[in-house]
Amino acid sequence: MSTESDDNGLLRSVLPPERVDQLFDLCGAHGWKLILASAVVGALPPLFGLREGYMMTVISEMFLFAILALSWDIVGGQTGYPSFGNMAFFGIGAYTGAILLKDFAVSFPLAVVSAGVFATVFAAIIGLIVLRLRGHYFAIATLGVLLAAQQISRNLEITGGASGKILFDVPPGVVFYYFFLGVLVAEIIVVYYLSSTRFGFILNAIRDDEGKATAMGFNTTYYKTAAWMLAALFTGLAGGAYGLFNTFIDPQTAYNGAWNVELIAMALMGGTGTVAGPVIGAFGLHTVIEYVETAFVGWQLVMLGLAVIVTVIGFPKGVVGTLREYANEMDYYERGGMAATDAAADGSGGSDVAASTTDAADSDADTEVTRDE
Amino acid sequence: MAIAQFVVNGLLVGALFAAVAVGFALIWGVVDIINLAHGEMVMLGGYTAYWLLSIATGTAEGSVLLFLATLPVVVVVLFVVGYALQRALVSRVIGTDIFLTLLVTFGISIAIQQLAIQAWTANPRSIQVAFADPSLIVAGLVVPKMKLVAFFGAIILTAILYLFLQRTRTGRAIRAVSQNPEAAALVGIDVEHTRAVTFGISSAVAGGAGAFIATILNIEPQMGLIYTLKSFVIVVFGGVGSIPGALTGGLLLGTVEELTAGLVSSRWTLAVSFTLLIVLLVVKPQGLFGTEAEE
Amino acid sequence: MSKSTDSDDTGMTAATANADDAVLRTEGITKRFGGLTAVDSVDVEVHEGEIVGLIGPNGAGKSTLFNCITGTLTADEGRVTLQGQDVTDWPEYKIARAGLGRMFQETRIFGGMSVRKNLLLAAQEGGADIGGLLRRPDDSLLARTNELLEYVDLGGLAETRAGRLSFGQQKLIEFVMALMSEPELLLMDEPAGGINPSMLENLIEYIRAANDEEEATIFLIEHNMDFVMEIADRIYVLAHGERIAEGTPEEIQNDERVINAYLGRE
Amino acid sequence: AGNGSDGEGGDGGGGDTITLGGSMSLTGDNADLGRLYRDAYQETIDRINENGGVEAGDGNTYELEMVLRDDSTDASTSRSIYQELIDREGIDYLLGPYASSVTLPASAVAAENEKPMVEGGGASPEIFSQGNEWIFGLLPTANKYAKSYFDMALEQDSAPETVAILAEDDTFSQTTADGAREKIEEEGLEIVVDESFPTETSDLSTNLGRVRDNDADILLLCAHQQHNIILANQMESQGVNVDAAMGTVGSLNESFKGEVGANGDYIYGPTSWDINANFEDPVYGGTQDFVAAIEEGYDYTPDYHSAAGEAVILTFVNAFESVDELGPTPVRNAIRDADPFSTVYGDVSFGDNGVIDKNMLIRQWQPDPGLQTVYPSSVAQADPLYPMPDWSER
Amino acid sequence: MADTILEMENVVAGYGNTTVLHDIDIAIEDEQIACLIGPNGSGKSTLMKSIYGFADVMAGTVSFRGGEITGRSPQENLANGMSYVLQDASVFPGMRVHENMLMGGYVFEDDEQAAQRAEELYDEFPILGDIRDQQAGTLSGGQRRLLELARALMVDPEVMLLDEPSIGLEPKFIDDVFERIEQLNELGTTLLLVEQNAQKGLSVADRGFVLASGEIKYTGSGDELLDNEEVGRLYLGG
Ligand SMILES: Nc1ncnc2c1ncn2[C@@H]1O[C@H](COP(=O)(O)OP(=O)(O)OP(=O)(O)O)[C@@H](O)[C@H]1O
Ligand SMILES: Nc1ncnc2c1ncn2[C@@H]1O[C@H](COP(=O)(O)OP(=O)(O)OP(=O)(O)O)[C@@H](O)[C@H]1O
Ligand SMILES: [Mg+2]
Ligand SMILES: [Mg+2]
């Protein structure tokens, strides 16, 4: 182990591997505290005088994108079903909300909840069809769902056709701020909890080898659909509020294909298959986009394109993914990867081998295996 | 108007969609890249032809022969662009997550698009080919001449590509890399180079199609997206990685769209194609010509 | 434990003699691929607490037979009975849930998950109620994962992403996962391939122990004759899709047809 | 009050500044049109400053300053730009964006923050039917875009009886088509083809075949430049011989004619502004001076978007000059109550809903001498070449 | 003593930031059979991969016939006359068996030559000849292994790296394969094998290496290692 590279030394002292796991791993010891603290920090600004519409809007949008990216990740990252069509849930939610608010004069909370429910039901139906496909084919099918939904909305009466729906009587920005924050926190809690349960394990297993998961006795259709519906629920809730937030929706905005790619970018940049990753990615990328928009007028999309390319090439596993990989590598040394066989080579007998590893594992048990609430 | 006319209209533009999609299917199948910048290759091909003609004639007008003479240049230029993109950028994320290649190509796509606007403005452009008017009338069906040329052009591009893959050593190497890159390296194939060549070929064919599109429709910096999207649909019709599949898929898509436009209403064309896409995926997930072995 | 000493290759005697405690029974399983009959009307029977081997030349149809039993492939003809239940047309996951565990010939573990999560997943196979799905693994389960990992010398790698392990290590993980799930019947396709001989001895010990203490029933394919002869109570031999012999290891080793078709003369 | 009007930026040498701000389609599909507004805004502001700035009603003289960001015709981007301009840059006077789908949400931001917004780029009547008192529009509403075309055709010798409408399925074009249908019914014409097509459509053959087979007398294409080019290029190959054909947006641009060459001859287009008129203007002097200024400074001929852009600035200037105290509300009121004032764009005043009352003129590409105003006759430079010759005769 | 054909000096190798091999020093002589044994996960495959350019060499040098080949790409190594059979599946699943064989001869400029060579190998492994038109993706485990071995023989290599050639093969074929290995060696090919079937592997080997924890723990002739008690107890099983 003498060859352990030095460039990891600095990173190690700043961020020991156990810390990485505790911070980002789903089973991390401080996860709940971290979530709680973040939620409180998120809730404070408006109470302490953040009244500025712009910041309010930008931060609300960050929450919104974090919701969407995390939802994408439930299916795309945790379950390995990369969807190009999540914005279909958003659009359905947005239209449900808008139609209920405008044409049926339903109250805002009821409209939003209905939006979530509609999106979930839609997901259940569509899921039974598209979740039978894998990989590339799944990706295209979901894109097809998104585009078909967009085209259909464009041609219907109730959706206002190509002109969309205008929602002019808008509640103040702070309402949306807390709404998106609330949904986001709820979603983080749900995903965080689920990923340390058997349900979460099964989703990961489906991602890694669905055939084997089936052979182990899991009816994968059932779990995939559940994950897909969960994603749709949160996406639909966000969509339901978005129409009012934006004062206007049309097929282009509600089923925004470019956003769908942005979501994926956010999840990937942050790190797929983790809870923190998509959220960090959403905050990060959205900040970049906002900044570039004011700083490089006319060139902002070029900058955005370059930013995406550079980040993806530089951090192919995303921020959290890179950190975890690092933790994993360190872990490999810490736990001595081959310590067991070392012992064997040093001449202890076969039965002693087991004993020596037991010791190693026991001494580590308190940092690794146990978890407090 | 007769159904036959719709079908003819559909086949005529369908061949162009096909030529675009063939390249898309190729890199998807071989390099495992969903190239979101594929439509931009079509766009660049169109602009290359446009500028070549402008340089040659002063205006973007010319005879058919002059136009056809630009094609080899377009194909070479786009090959180089594709090869370089793969080598410089995409190769760095290959073999990780397919979605990373998707993001890189997404970045490339918007960057190229925006640079094109800066360079050439957002105005749509089209190449005027002198002999184009008026149309042939065959058995009562209107067949615009230039479309006929484009139709055969697209078919020929596709056919050359197909033969290339089937008959040549490079073609075999490309197929080998698509099935198992590690094994391909094992038998002595330069995997990186092969991938870049594939990307180059795919871009070259797309560029060639773009040149034809500039003559019969029009081109603009932001035209790429719809061609990328249509390529998705076509690839599903035909099966990932299958050249004959993409060709048939393109013709089929064109026909379906024009039939919808003619018999129902053109406002439903896209809705119908995308719905058909889902239906087909469910009924025949491997595409009409899919060859991917079942997992 | 009941052992059949009957070397009659129809196998019917064994079936009738021990009809009650047959964990697995196949009758006339046939699977064709195009013109090739990969499995040709094969009957096998595995009894509770038995360790049964399945050997035969490459391409004899062993893995295909396993696939038909587990529902990965649908047999063209024949029936599969698991603990008296006809499971021929059941979907794969349902058969697994009925108590059938499986190790693949090509190692298949969940490469993106940590080694420990792989084991936890395997352990919790069983009930599908919401409560079970939403519960987090308890300490006794974690302790069991540690115990098993130490057994195969992988105690230190519990938190490592399983995809990073070497070929043989992955195989060991799959082996441990199979044990973790405590199936009624465990099908193993070449568990010994690629495993270090010293480790293999540990495994034999472990399988023996599991078999003695927990009455685990095991049906395994193997080309490593030392291993299979040492561990199996009874062996079936397949060649060209047909069952050509059945018997105890000694009987098989001396069977003319088996020697000709498979073992070769020493 | 008026906290946006004291030179916070401090870069404007002497005196105070008033900052106007907005988002515009500077990249993306509509970048070419966005540019027309940007140039007109900038040129006008520069000239005003050169001439000593704005003498506001409060007695002070102000320099004008502009902050224009790019929304690439994305409604959500535009919204956050306006939020930012208001909150961060402290801007009180908003220049509207381009396209109705962007203007509508942007106008909501204006209303919410109680800042006046004057725009020359969103023509959907929806923008002005929300009871929003902070938005002012300088374009005729979309439903009026096609009406003059029919008036013109009906005045011709062999007046049309049947009409074909092809409309892109975006908000603006659909509203234009609605207006056309209304007009057609009023005039007792018959619609023989009425088709909408998705924006993404790149081939109009089948629809043009329909127009040919149904023997429509005149054709109206409610769509943007891209589809106008396709129309011009495919009319011949599809053998469409109508008496008149008009495209609603982008058919009068030079870039259109440059791409389609002779195929574009005889095609009509609407404009809210007569480039040959000579309206008086306090900044440029008159319309022709404006045309000359843009041609000289930017190397292209301005069109109605440019002129509307100029009028946007003058609307604000006019209001600044007439208020006692600067501030969003007084300025808004001043705009609303202003008497008609003259600009290069023509006389400007706003109705109760905030939109200018204006009709379209019709221009036509004539083989010689080129683009001519042909309707209404009071301002026409030439008679319309109606019916247009069959393709076989060209 | 013959010349050294393949040599690793102070090699440190692994994957990305993970170091697997520490300070490996081995030399393999021309026309020898060398066999590498060791526990699972000790780095045997990594050692082979670092020779052939599939793993990252972080320090040290690998040389072939005295010339340095550290970090060379697989196709350069192949062109140099080295071929490699991976431990994992490495067929082209969508191609037929015969096409796979032809791909094995990809480096031949001449297709005819490849076809001819394939026929020769079918004669040697008749079972492959029988299934030449089957899709490689549908082969049984053993059939596939045989195809991989035969494909590596297409080029007539000077040096062959074989990672557990016997995996999945029936006993009869294992014997065939080892016979074939000895034959090849007699004809002048140098072989480096990894074997868990260590008895078999070491018995044909001129030289053996025991790898544990990424380090070479023992070296010696095949028979010496077989007779070494400690090696036997720890790595060969009872
Ligand atoms: N999907 C398939 N299509 C065509 N043939 C197949 C397919 N799957 C298996 N086969 C053929 O069926 C026969 C039996 O294969 P199987 O995998 O069951 O053999 P096996 O006994 O497990 O051999 P091994 O010991 O080599 O693993 C082989 O000849 C194989 O080529
Ligand atoms: N791609 C990889 N990334 C990171 N670590 C790896 C990777 N592949 C292997 N390793 C690690 O390197 C070590 C050595 O692996 P290697 O495959 O060389 O072992 P081996 O001796 O061939 O074992 P086996 O007998 O099981 O095949 C293992 O501990 C494994 O965890
Ligand atoms: Mg098998
Ligand atoms: Mg190995």
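Bear in mind that the values here come from a model prediction, so they are computed numbers and not experimental data. Letters A, B, ... mirror the listed sequences (proteins, then strands); counts begin at 1.
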*Under 4.5 Å from a heavy atom of chain A, the part of D:Leu68 involved*: backbone
*Pairwise side-chain contact, A:Met269 with A:Val308, heavy-atom cut-off 4.5 Å (strictly under)*: yes
*Please identify each residue that fulfils side chain to side chain donor-acceptor pair (under 3.5 Å) with A:Asp73, with sequence neighbours left out.*
none
*Non-hydrogen atoms of chain A under 4.5 Å away: do they reach the side chain of D:Leu104, the backbone, both or neither?*
both
*Close aromatic pair by centroid cut-off 6.0 Å: A:Phe245 and A:Phe180*: yes
*A:Thr235 side chain vs A:Phe90 backbone, donor-acceptor pair below 3.5 Å*: no
*Out of curiosity, D:Leu33 CG to D:Leu26 CG, how far, rounded to the nearest 0.5 Å?*
11.5 Å
Counting backbone as well as side chains, what donor-acceptor pairs lie under 3.5 Å between chain A and chain D?
| residue | atom | partner | partner atom | Å |
| --- | --- | --- | --- | --- |
| A:Glu52 | OE1 | D:Arg88 | NE | 3.2 |
| A:Gly53 | N | D:Asp87 | OD2 | 2.9 |
| A:Tyr54 | N | D:Asp87 | OD2 | 2.2 |
| A:Thr57 | OG1 | D:Gln83 | NE2 | 3.4 |
| A:Arg154 | NE | D:Asp169 | OD1 | 3.1 |
| A:Arg154 | NE | D:Asp169 | OD2 | 2.7 |
| A:Arg154 | NH2 | D:Asp169 | OD1 | 2.5 |
| A:Arg154 | NH2 | D:Thr199 | OG1 | 3.0 |
| A:Ala162 | O | D:Thr171 | OG1 | 3.4 |
| A:Phe245 | O | D:Arg79 | NH1 | 3.2 |
| A:Phe245 | O | D:Arg79 | NH2 | 2.9 |
| A:Asn246 | OD1 | D:Arg79 | NE | 3.1 |
| A:Gln300 | NE2 | D:Asp70 | O | 3.4 |
| A:Gln300 | NE2 | D:Asp70 | OD2 | 3.0 |

*Do A:Phe283 and A:Ile280 come close enough that some side-chain heavy atom pair is under 4.5 Å?*
no
*Going by heavy atoms in the side chains, are D:Ile45 and D:Leu20 under 4.5 Å from each other?*
yes
